[in-house]
Amino acid sequence: MNVCAANRLSVLSLYRDLLRYGAQLKYTDKDFFRARIRAEFRKSASLSDPKEIDFCYKKGRAILERDRVI
């Protein structure tokens, strides 16, 4: 992923936050959620377009802000 250090840190922070959020889920399979998060981040790791990176980042933040799984 070609991003500057600040963006890379915010993406890593998002990853950790999503994993923590997944650990607190009550009505969703935690293992499935964790595997899905990891798969999405692996798939997005090769993104180089800043607009695509921003879209994926905002999508992840939206999950945390709405406090529900999409």
Side-chain angles (χ1 to χ4, degrees):
M1 185 185 315
N2 290 333
V3 295
C4 68
N7 287 340
R8 174 173 239 119
L9 291 176
S10 60
V11 169
L12 289 173
S13 176
L14 173 63
Y15 180 72
R16 286 191 303 268
D17 291 346
L18 284 167
L19 290 178
R20 279 190 216 115
Y21 172 72
Q24 300 173 17
L25 293 174
K26 295 180 183 176
Y27 303 111
T28 303
D29 182 12
K30 295 176 186 181
D31 293 329
F32 174 78
F33 183 82
R34 189 177 308 121
R36 179 76 190 267
I37 293 300
R38 288 180 179 149
E40 287 294 322
F41 272 81
R42 280 190 197 114
K43 185 173 75 171
S44 300
S46 62
L47 293 177
S48 59
D49 181 17
K51 289 181 182 180
E52 289 183 52
I53 295 169
D54 191 47
F55 175 77
C56 290
Y57 179 79
K58 287 179 180 178
K59 189 168 106 176
R61 277 288 156 205
I63 291 171
L64 295 173
E65 290 170 8
R66 285 188 228 136
D67 200 24
R68 66 180 193 166
V69 178
I70 297 174

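If you're wondering where the values come from, they're calculated on a predicted model, not measured in any experiment.
- Here the closest heavy-atom approach between residue Phe33 and residue Leu18 is recorded as CE2-O, 3.3 Å.
- The distance from atom CG of Asp17 to atom CG of Leu12, rounded to the nearest 0.5 Å, is 11.0 Å.
- Checked against salt bridge (charged side-chain N to carboxylate O under 4.0 Å, His left out), Asp49 has no partners two or more places apart in sequence or in another chain.
- In this structure, the separation between OG on Ser13 and CZ on Arg61 is 5.0 Å, given to the nearest 0.5 Å.
- Within the model, atoms CZ of Arg38 and CZ of Arg42 stand 7.0 Å from one another, a figure rounded to the nearest 0.5 Å.
- Scanning all heavy atoms of the two residues, the minimum distance from Cys56 to Leu47 falls at SG-CD1, 3.8 Å.
- Residues Leu19 and Leu25 are members of one and the same hydrophobic cluster, defined by side-chain heavy-atom contacts under 4.5 angstrom among Ile, Leu, Val, Met, Phe, Trp and Tyr.
- Listed by chain and residue number, nothing satisfies the salt bridge (charged side-chain N to carboxylate O under 4.0 Å, His left out) test with Arg16 (two or more places apart in sequence, or in another chain).
- Criterion: ILVMFWY side-chain heavy atoms under 4.5 Å apart, direct or through other members. Under it, Phe55 and Ile37 are not part of a common hydrophobic cluster.
- Atoms CD and NZ, on Glu65 and Lys58 in that order, are 10.5 Å from each other to the nearest 0.5 Å.
- For Lys30 against Ala23, the heavy-atom pair with the smallest separation is NZ-O, 3.1 Å.
- Using a 4.0 Å cut-off between charged nitrogen and carboxylate oxygen, Asp31 and Arg34 count as a salt-bridge pair.
- For the atom pair CD1 of Ile53 and OG of Ser48, the computed distance is 7.0 Å after rounding to the nearest 0.5 Å.
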